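My questions will all concern the structure given below.
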Amino acid sequence: MNIPFLDKWRRRHSAADAAGEGLAVAFRENPQGVAELLSECELLRSQAAAAGLELDDTPASLTALDQLLPRWRDDPELLPWLGNDAGLYLGTLVVRTVPGAAWHVWPGGSPVVRLRSGREIPVVQAGLDWAVHGAPELSQIYAEAAET
């Protein structure tokens with residue numbers, strides 16, 4: 001059966017799946033390079049700077065982010081991008097400061113942080129939840145990761 005909209009949907013989703021797989025492949029080939037890209041978080045850094053906060057790549061900056069007034073919630077187009085950056089920033093701090101923590105990219109392309117215990121933290125989802133709802137707080141997620 002020929003259903004035109006279904007063909008378009010399949011092409012779009014197979015391209016998205018390939019992009020996710022591309023990140024997983026890139027991570028396997030150059031984990032340090034991908035980790036550097038994940039740590040940039042330019043949108044989050046610019047939004048924080050506009051609010052008078054410099055993100056200094058320390059766990060204390062997560063507490064400061066949690067205290068910001070969430071003006072970004074007024075812009076629904078900005079929310080997913082900012083949440084993504086917040087999750088990547090959180091993940092970067094965990095990887096840099098929690099012994100044994102490392103980036104891992106799932107086959108579909110979703111970056112997570114794997115702790116020494118084997119527990120995986122879906123940091124991007126946590127960042128999205130933080131951006132949209134304000135909870136869980138980024139500092140809380142970091143504290144839980146640092147305890148294990």
Side-chain angles (χ1 to χ4, degrees), residues 9-148:
W9 182 88
R10 284 184 183 142
R11 279 194 301 273
R12 188 173 63 241
H13 282 77
S14 63
D17 292 344
E21 290 173 13
L23 179 60
V25 170
F27 182 76
R28 282 193 301 271
E29 293 175 358
N30 184 2
Q32 186 174 11
V34 171
E36 287 177 29
L37 287 174
L38 295 176
S39 71
E40 289 182 7
C41 312
E42 288 302 318
L43 179 61
L44 180 69
R45 291 179 190 279
S46 69
Q47 291 288 312
L53 173 63
E54 180 184 346
L55 299 181
D56 60 1
D57 295 340
T58 64
S61 65
L62 293 172
T63 302
L65 275 172
D66 289 337
Q67 302 304 314
L68 286 180
L69 288 175
R71 298 183 199 279
W72 55 83
R73 290 191 192 136
D74 296 335
D75 186 347
E77 290 183 20
L78 182 65
L79 273 174
W81 298 105
L82 186 72
N84 187 70
D85 271 14
L88 295 176
Y89 184 70
L90 167 65
T92 296
L93 293 181
V94 171
V95 167
R96 289 181 180 170
T97 61
V98 174
W103 284 109
H104 178 72
V105 177
W106 288 339
S110 182
V112 297
V113 172
R114 185 175 287 162
L115 301 177
R116 182 182 299 167
S117 67
R119 177 178 161 230
E120 291 183 343
I121 303 171
V123 291
V124 171
Q125 185 58 52
L128 290 169
D129 291 344
W130 173 82
V132 173
H133 305 291
E137 291 184 336
L138 299 174
S139 59
Q140 174 73 29
I141 298 167
Y142 176 84
E144 291 172 6
E147 285 178 358
T148 55

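These numbers come from a predicted model, not from an experiment. Heavy-atom basis, side chains included; hydrogens, waters and symmetry copies ignored.
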**OP:** State the CG-CG distance between Leu79 and Asp74, to the nearest 0.5 angstrom.
**Re:** 9.0 Å
Original post:
Heavy atoms, side chains only, cut-off 4.5 Å: are Trp130 and Leu65 in contact?
Top reply: yes
Original post:
Where is the tightest heavy-atom contact between Leu88 and Pro111, given as atom of each residue plus distance?
Top reply: CD2-CG, 3.9 Å
Original post:
Less than 4.5 Å apart, any side-chain heavy atom of Glu144 and any of Ile121?
Top reply: no
Subject >> Exercise: identify the closest heavy-atom pair between Ala86 and Leu44 >> reply: CA-CD2, 3.7 Å
Original post:
Side chains of Trp103 and Val34: does their closest heavy-atom pair fall under 4.5 Å?
Top reply: no
Original post:
Counting heavy atoms not belonging to Arg71, are there more than 12 under 6.0 Å from its CZ?
Top reply: no
**OP:** Taking the side chain as every heavy atom from C-beta outward, state whether Val94 and Leu115 have any atom pair closer than 4.5 Å.
**Re:** yes
Original post:
Say you draw a straight line from CG of Asp129 to CD of Glu137; how long is it, rounded to the nearest 0.5 Å?
Top reply: 13.0 Å
Subject >> Stepwise side-chain contact (heavy atoms from CB on, under 4.5 Å) test for Leu68 and Gln47 >> reply: CA-CA 10 Å; Leu68 286 180; Gln47 291 288 312; over 6 Å; no
Original post:
Is the CD atom of Glu42 crowded by more than 12 outside heavy atoms at less than 6.0 Å?
Top reply: yes
Original post:
If you look at every heavy atom in Pro136 and Ile141, which pair is closest and at what distance?
Top reply: CG-CD1, 3.5 Å
Subject >> Nearest heavy atoms of Gly91 and Val113, plus distance in Å >> reply: CA-CG2, 3.6 Å
Original post:
Quick one: CG on Asn84 to CD on Gln125, what's the gap to the nearest 0.5 Å?
Top reply: 10.5 Å
Original post:
What distance separates Arg96 CZ from Thr58 OG1, expressed to the nearest 0.5 Å?
Top reply: 11.0 Å
Original post:
So which heavy atom on Leu93 is nearest to which on Tyr142, and how close?
Top reply: O-CE1, 4.0 Å
Subject >> Sidechain-backbone polar pair: Arg73 side chain, Val132 backbone, donor-acceptor under 3.5 Å >> reply: yes
Original post:
Just by distance, do the side chain of Asp66 and the backbone of Ser139 share a donor-acceptor pair under 3.5 Å?
Top reply: yes
Original post:
Taking the side chain as C-beta and beyond, is there a heavy-atom pair between Leu138 and Tyr89 under 4.5 Å?
Top reply: no
Subject >> Considering all heavy atoms, the nearest Leu55-Arg45 contact >> reply: O-NH1, 3.3 Å
**OP:** Side-chain contact test, heavy atoms from C-beta onward, threshold under 4.5 Å: evaluate it for Thr92 versus Asp57 and give yes or no.
**Re:** no
